[in-house]
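Nothing here was measured: the structure is a model prediction, and the numbers come from that model.
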Amino acid sequence: MTSSDIICLGPAPLSRNEKGMLQTRIGTIFLRTPGLVTIKGIHAMQRMAWINELNKRREAASLPPLTDEEIDAEIAESVDLLFDENYALIRPDPNNMMLAIRGDIFLQQFVSKRKIRYLNIQNRNVRDALRLRGEAWRMAPVPRFEEEIRSLIASSRVGINGPAIYYYNHLTGTRFLTLDSFRSIGKLPVEEMRALLVEIQKNLQAYNRFANPEIDFLPSKVMPVALFAKEPFETMDATQLKQTYLQLLETFDKNVPDAFLRQDNIDNADWRKALSAALIHQGNETGVSAVIEGLSPEFFMQIEWLPGGRMEEGELFFDPIFAEADSHPEDESLQRLCDHRARAILFNYIREYSQIEYVNIGRTRRSLSGRTGQGPRASVYIVELKERHRPQPQVKIIRIQRWTVASHLASGHPLLQSMIEAEDYTDYVMDRRLGARQLGMHLPSIMMPRTFRETVRDSFGYVHNVWTGYFERDYIPGRATSKTPESFFASDAFNQAFFRLLGQAAAPNLIIGRATVEGGKTIFDDGDEVILLNAFQLPDQLILSEPTGSFVNYSRPYSETIGDYAEALNKRKPFITNFEGAANAFVHAFEDELSRIQRIYRDSRQGFDMLFRDRPMDSNGSISYRWKCILARLDAVDPRAMAKELRKHINFD
C-alpha cells in the first residue's frame with residue numbers, strides 16, 4: 001500500500017494549529033478501503049463522513065453507491081482513535097484485537113510507534129494481546145500522581161462542533177458536562193448557545209459503538225435526559241431560548257449534591273478526585289493492577305514499561321522502535337524509552353532460556369521507599385517472562401549494582417581500578433546477603449549476580465566498553481509493611497500476626513545493623529519488608545526483599561538504636577484497636593527471636609566465626625571485620641534487658 005492509495009479526511013494526527021493546540025482530538029482508521037478520518041465531531045460523524053466520501057468517489061467513477069452490506073463491512077473494519085497532548089490512543093474492541101493491531105500497523109505510517117498507546121487495558125484480552133507481543137509498554141498508563149492527574153484533566157477538554165466544554169473519557173468515549181461548563185454557555189451569543197443546546201440534546205440520547213452515552217452529566221445522571229429531549233431549541237426565539245436555558249441551569253444547579261462540583265477548579269482536591277474518577281473510569285483503575293497477575297498495586301503503578309521484542313517461532317525480533325532510536329541519538333526522550341540496559345537484560349534472557357513465549361520489561365519510575373543517604377540510587381527493573389512449557393509467567397526483579405565500573409570511572413578512577421572496585425562490591429553484596437541469612441534474616445530464596453556489556457564515558461570523556469553488574473531475584477507477591485492500608489489494622493487478629501512477624505524481623509535487623517551510609521539512620525519497616533497473607537487474609541510470612549544497608553552499623557551499641565524499632569508501633573497507634581496487645585506481640589517476638597539467634601550462634605560458634613575467614617581483615621570496614629564486630633556484639637547482649645529497653649520507647653500513653 002502506498003500513500004497515494006490512502007484516503008485522508010481532516011488534519012494529520014497530533015498536528016497543531018497556529019496557537020499550538022491540537023487540531024483534532026479523535027480519529028477513525030478504516031482498513032477495508034484504507035483511510036483515516038480526523039475531522040471534528042464524534043466517531044459516528046466520522047463514519048458517516050467516510051461513507052459519504054466513498055460514495056462521492058464512486059459517483060465520480062460512474063459506480064453505484066455502496067450497498068448496506070458494503071457499508072457494514074467498511075464500518076466493521078474500523079478502529080477508533082483518540083489524541084491527547086502526547087499520544088495517539090487506540091481504543092480497541094477487546095473481542096477483535098487483531099483488528100486493533102492491524103490498525104496500529106496502519107497508523108504507524110502517520111505517527112511514530114512510540115507515540116501510539118492502547119486503551120481498555122482493564123480488559124484481559126487487550127492486556128494479553130500486548131503481553132504476547134512483548135509490548136506491555138504500549139498500554140496507556142493510568143495517572144496516579146497529582147501532576148499526572150492535572151495533565152489528564154487539562155488534556156481531556158474537548159468540543160464536538162463548538163467550544164471545548166466537555167471532559168472526555170478516552171476509555172468509554174463519554175463526554176462529561178459539568179455545571180460550570182453548562183453555566184458558560186449562557187455567556188455566548190444566542191446562535192452559538194442554540195447550537196450547543198441542540199448538540200447536547202442530540203448526544204445525550206446517543207450511544208457510541210461500545211454502548212456508552214456520547215454525553216453525560218457530572219455527576220452522572222444528575223439531570224433527566226427527558227428535560228432536554230422535549231425542548232424545541234431549533235425553533236425557539238431568542239427570549240424563549242434564554243429562558244429555557246436558565247430553567248435547565250437552575251435544575252442542574254439544584255441537583256448537584258456537592259459544593260465542590262459547582263465550580264471547575266483544578267486546584268480543589270475534591271473536584272480533581274471526582275473528575276479524574278469519571279475520566280479514568282473505575283473499571284480501568286481496578287483492572288490495571290492485573291497486567292501482571294499478583295503484582296501489588298503500589299508496585300505496579302510505579303512501573304514504566306519499556307520496548308523489548310517479540311518471539312516468533314523461537315526467534316527474537318527486537319522492537320523496530322530501537323532502529324528509530326539508533327537513527328536519532330539526539331532525541332533524549334526516545335533514547336530514554338529505548339533503554340539500552342533493558343535491551344541488554346532482555347538479550348541475556350534470550351540467550352539463557354530456549355522456550356520463551358514472551359518477555360516484558362519495565363523500570364520503576366520512583367523509589368518506593370523514598371530512602372536517601374545510600375549513595376547513587378540503584379536502578380530497578382521488573383521482568384515478566386513466560387516459557388511455553390510453564391502455565392504461568394515468572395516475575396523477576398532486577399537491581400542494577402549501586403557501584404558499577406561506570407560510576408567509578410565517572411569519579412575519575414582508572415579503568416582497571418574501576419573494574420576491580422566494581423567486582424569487589426559485587427562480592428560484598430553477596431557476602432552481605434550470606435551473613436544476613438546466617439543471622440536469621442528471611443530473604444528471597446535465590447539472588448543471582450549477572451552482568452551485561454555497555455558503552456560508557458569516563459570523567460575525561462573517553463569511551464569504554466565495560467561490564468555492568470546486576471542482581472536478579474524472584475518477585476515476592478506480597479505487600480510491603482509500610483504500604484499496608486490503615487483499614488487492615490481494625491482487626492485484632494491481623495494485628496497480632498502482623499506485629500509478631502514484624503517483631504521477629506526487628507531482631508536480626510538490629511543484629512546486622514541495617515542503616516543508611518550517610519547519617520547512620522536505622523532502616524526498618526520502610527518498604528523492604530514484605531508481608532505474605534494466608535487464605536484467611538492474615539499475615540503468614542515476612543520476607544526482607546532487599547537487605548539494603550546491612551552491616552553499615554556494626555559497632556554502635558544496640559541501646560543507641562533500639563528506640564528506632566518502637567516507631568513501627570508508635571506511628572500506627574491511631575488506628576490500632578488493641579495497642580497494648582499489638583505491642584506485647586511485637587516485644588515478645590523480638591525477645592524470643594533475639595534469644596534464638598544468640599543461642600544458635602553460641603551453640604555453633606566456630607561455624608559462624610569461620611564464615612568469612614578467607615576474606616581480607618581490614619579494620620577500615622571489610623566484611624570479615626564487620627562480621628567479627630557484629631558477632632561480638634550479639635554474644636554480649638542480654639535479650640531480656642534489650643526487650644525491656646524496647647518497651648520503654650513504645651508510646652503507651
Side-chain angles (χ1 to χ4, degrees), residues 142 144-145 269 273 277 280 282-283 285-303 364 366-371 382 395 397 441-444 474-509 514 522-546 564-590 592-593 646-647 649-653:
V142 176
R144 273 296 185 275
F145 305 114
K273 182 178 179 181
I280 292 171
Q282 296 303 319
E285 186 174 3
T286 55
V288 75
S289 63
V291 172
I292 286 185
E293 307 298 340
L295 200 61
S296 62
E298 74 273 4
F299 195 102
F300 172 80
M301 297 314 303
Q302 307 299 326
I303 298 172
T364 55
R366 304 185 182 196
S367 170
L368 288 178
S369 67
R371 186 185 304 134
I382 185 164
V395 181
I397 300 296
M441 276 291 182
H442 293 189
L443 302 173
D474 288 338
Y475 171 73
I476 304 169
R479 184 185 291 272
T481 57
S482 60
K483 305 293 183 181
T484 305
E486 295 179 10
S487 59
F488 282 39
F489 297 97
S491 164
D492 190 50
F494 181 92
N495 291 340
Q496 286 292 312
F498 180 90
F499 286 105
R500 176 179 57 79
L501 291 173
L502 205 56
Q504 286 178 352
N509 206 91
R514 289 183 69 220
T522 297
I523 299 175
F524 181 67
D525 185 31
D526 73 342
D528 290 331
E529 292 83 0
V530 179
I531 288 284
L532 280 66
L533 305 182
N534 62 20
F536 301 100
Q537 295 301 294
L538 295 176
D540 187 54
Q541 296 182 61
L542 186 150
I543 297 177
L544 184 69
S545 61
E546 302 286 348
D564 298 337
Y565 293 88
E567 183 62 19
L569 279 154
N570 294 337
K571 68 184 180 183
R572 295 182 173 96
K573 183 177 181 179
F575 39 87
I576 297 176
T577 52
N578 180 5
F579 183 73
E580 185 171 355
N584 287 336
F586 183 83
V587 174
H588 290 158
F590 168 81
D592 290 347
E593 187 67 3
L646 172 61
R647 186 178 289 275
H649 292 276
I650 297 175
N651 184 16
F652 286 101
D653 298 330

For Ala582 and Ile576, the nearest pair of non-hydrogen atoms, with its separation, is CB-CG2, 4.1 Å

Heavy-atom pair of closest approach, residues Leu501 and Ile531 | CD1-CD1, 4.0 Å

Please report the shortest heavy-atom distance between Gly581 and Gln496, naming the atom on each side.
-> O-NE2, 3.1 Å

Any residue meeting ring-ring contact (aromatic ring centres under 6.0 Å, His included) with Phe488, in chain and number order, not counting sequence neighbours | Phe494

Can you check whether Arg479 reaches Pro485 side chain to side chain, under 4.5 Å on heavy atoms?
-> yes

Any salt bridge (Lys or Arg N to Asp or Glu O under 4.0 Å) involving residues 567-583? Give me the pairs, sequence neighbours left out, ordered by first then second residue.
-> Asp525-Lys571, Asp525-Arg572

Would you indicate whether the side-chain heavy atoms of Asn495 and Asn578 approach each other to under 4.5 Å?
-> no

Between Ser482 and Asp526, what is the shortest heavy-atom contact and its length?
-> OG-C, 3.5 Å

From CD (Glu546) to CG (Asp528), nearest 0.5 Å = 6.5 Å

Report the distance from atom NE2 of His442 to atom CD of Glu529, rounding to the nearest 0.5 Å.
-> 12.5 Å

Parallel, tilted or perpendicular: rings of Phe498 and Phe489 (30°, 60°) = perpendicular

In this structure, CG of Leu533 is separated from CG of Asp540 (nearest 0.5 Å) by 8.5 Å

pair Phe524-Leu502: side-chain heavy atoms closer than 4.5 Å | yes

Looking only at non-hydrogen atoms, find the nearest pair between Leu443 and Ile543 and report the distance.
-> C-CG2, 3.9 Å

Rounded to the nearest 0.5 Å, how far apart are OG1 of Thr364 and CD1 of Ile397?
-> 8.5 Å

From Asp564 atom CG to Ile523 atom CD1, the distance as rounded to the nearest 0.5 Å = 11.0 Å

Shortest non-hydrogen contact from Pro539 toward Ala497 | O-CB, 3.6 Å

Gln541 and Val530, any side-chain heavy atoms less than 4.5 Å apart | no

Close side-chain approach of His649 and Tyr565, heavy atoms under 4.5 Å = no

Residues Ile382, Val395; criterion side-chain contact (heavy atoms from CB on, under 4.5 Å); working and verdict | CA-CA 7 Å; Ile382 185 164; Val395 181; 3.7 Å; yes

Donor-acceptor pair, Asn570 side chain versus Asn651 backbone, under 3.5 Å?
-> yes

